[in-house]
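All ligand and atom numbering here is 1-based and tracks the order in the structure.
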Amino acid sequence: MFYKKLFNKQTPIPETLADRIKDVQSHEIPSHVAIIMDGNGRWAKSRALPRVAGHHEGMKVVRKVAILANNIGVKVLTLFAFSTENWKRPKTEVDYLMKLPAEFLDIYLPELIENNVRVQIIGDRNKIPTHTLRVVEQAVEDTKNNTGMVLNFALNYGSRTEIITAIKNIVQDHDEGKVQVNDITEELLSSYLMTKGINDPDLLIRTSGEIRLSNFMLWQLAYTELWFTDCLWPDFKEDQFLDAIEQYQKRSRRFGGI
Ligand code: FPP
């Protein structure tokens, strides 16, 4: 395959995508893209493989999509890597999913750094195993001065818990006299969420044919464009990501106006 280097030091993008990339870049690129990466288990099952093989394949897709998103000018890519409900899965699968961020960063962090990507996480850190948290927090530290795309992993993340925690903190600050009732606005609540400082997603992608939000960024997705595909996450490639961006660019966003 022929590759063309688009930017200094950045990972080359396949030449076959050059025309499509040029085309999407001539329109508005969504600043924040969020993805519910679903279908790893079914992908594995259809190949008579263990479910974890689907997660491993899904990890490689994360790298491809992150590199492309950064290249085309996405500012924030939030990926739902583990939900507060995923603890209900068999222990072997949970253990595997908790090892994946470390494996991903072990393999791909140098490349992400070359591409000027900044790693962040949202989610309840309390339940995340120390070995996972240590590696992820180190990556956050190592990339904190990078000015490219924020690659934001939602790890042990649940939107309702996030909102409840925000409300508790607002009430506590109110009791301490730091917040008055009339100060409570959408902006204030947003500033108490884990996504503080990050704009709401412009585009949400969910793979695998499921049409639901599964407790993901419920507050932040209020005006987000939603795009669903039957493609299973391990089969999701650069072309599908560009399909989603092209669809987004055809939408008319009115935010309740006319
Ligand atoms: C949902 O598919 C997927 C997950 C719960 C895990 C997502 C994790 C990855 C894509 C791996 C990459 C992660 C990192 C941190 C690099 P599912 O297992 O529910 O699929 P199914 O609905 O087909 O069973």
For Phe104, the atoms of ligand 1 under 4.0 Å from one of its heavy atoms are 16 (C)
Closest heavy-atom pair, Glu93 versus Val52, reported as atoms and distance to 0.1 Å, is CA-CG1, 4.4 Å
Note: ligand 1 atoms sitting under 4.0 Å from heavy atoms of Gly41 are 17 (P), 18 (O), 20 (O), 21 (P), 23 (O), 24 (O)
Checking heavy atoms under 4.0 Å, the part of Trp43 that sits near ligand 1 is neither
closest protein heavy atom to atom 19 (O) of ligand 1 is Arg89 NH2, 2.8 Å
task: Find out if a path of hydrophobic residues (ILVMFWY) with successive side-chain heavy-atom gaps under 4.5 Å connects Met194 to Phe216.
output: yes
Ranked by distance from atom 3 (C) of ligand 1, the top protein heavy atom is Met37 O, 3.1 Å
Taken in chain and number order and not counting sequence neighbours, the residues that satisfy side-chain hydrogen bond (donor to acceptor under 3.5 Å, both in side chains) with Gln138 are Asp142
> Are Ile29 and Gln249 side-chain neighbours, meaning at least one heavy-atom pair lies under 4.5 Å?
Replying inline: yes
task = For side chain to side chain donor-acceptor pair (under 3.5 Å), just list the numbers for Gln240 and Thr229, CA-CA rounded to whole Å, side-chain angles, deciding distance to a tenth of an Å, and then say yes or no.
result = CA-CA 9 Å; Gln240 282 75 27; Thr229 172; over 6 Å; no
Taking every heavy atom of Tyr96 against every heavy atom of Glu103, the minimum-distance pair comes out as OH-OE1, 4.5 Å
Residue pairs passing the ring-ring contact (aromatic ring centres under 6.0 Å, His included) test with at least one member in residues 233-258, sequence neighbours excluded, are Tyr223-Phe255, Trp233-Phe236
Check: Are a donor atom and an acceptor atom from the side chains of Thr147 and Asn116 found within less than 3.5 Å of each other?
Finding: yes
Of all the heavy atoms in His56, does at least one lie under 4.0 Å from an atom in ligand 1?
no
If you scan protein heavy atoms around atom 10 (C) of ligand 1, the nearest is Asn40 ND2, 3.3 Å
Ranked by distance from atom 22 (O) of ligand 1, the top protein heavy atom is Arg42 NH2, 2.9 Å
Side chain to side chain contact (heavy atoms under 4.5 Å, CB included) with Lys168: of Ile170, Ile164, Thr165, only one passes, and it is Ile164
Counting heavy atoms under 4.0 Å, the part of Arg51 that contacts ligand 1 is side chain
- prompt: Donor-acceptor pair, Ser159 side chain versus Leu218 backbone, under 3.5 Å?
  reply: yes
**Asked** Taking both backbone and side-chain atoms of Trp233, is any N or O found less than 3.5 Å from an N or O belonging to ligand 1?
**Response** no
If we number the atoms of ligand 1 from 1 as shown, the ones under 4.0 Å from a heavy atom of Leu97 are 6 (C)
for atom 14 (C) of ligand 1, nearest protein heavy atom and its distance come out as Phe153 CE2, 4.3 Å
- Message: With the threshold set at under 4.0 angstrom, would you say Glu103 reaches ligand 1 through any of its heavy atoms?
- Response: no
### Message
Grouping I, L, V, M, F, W and Y whenever their side-chain heavy atoms are under 4.5 Å apart, do Val61 and Leu242 come out in a common cluster?
### Response
yes
For Asn86, the atoms of ligand 1 under 4.0 Å from one of its heavy atoms are 5 (C)
Under 4.0 Å between heavy atoms, the region of Lys60 that gets near ligand 1 turns out to be neither
Leu100 heavy atoms within 4.0 Å reach ligand 1 at atoms 11 (C)
Among Pro234, Ala81, Gly39, Ala44, closest by heavy atom to atom 6 (C) of ligand 1 is Ala81
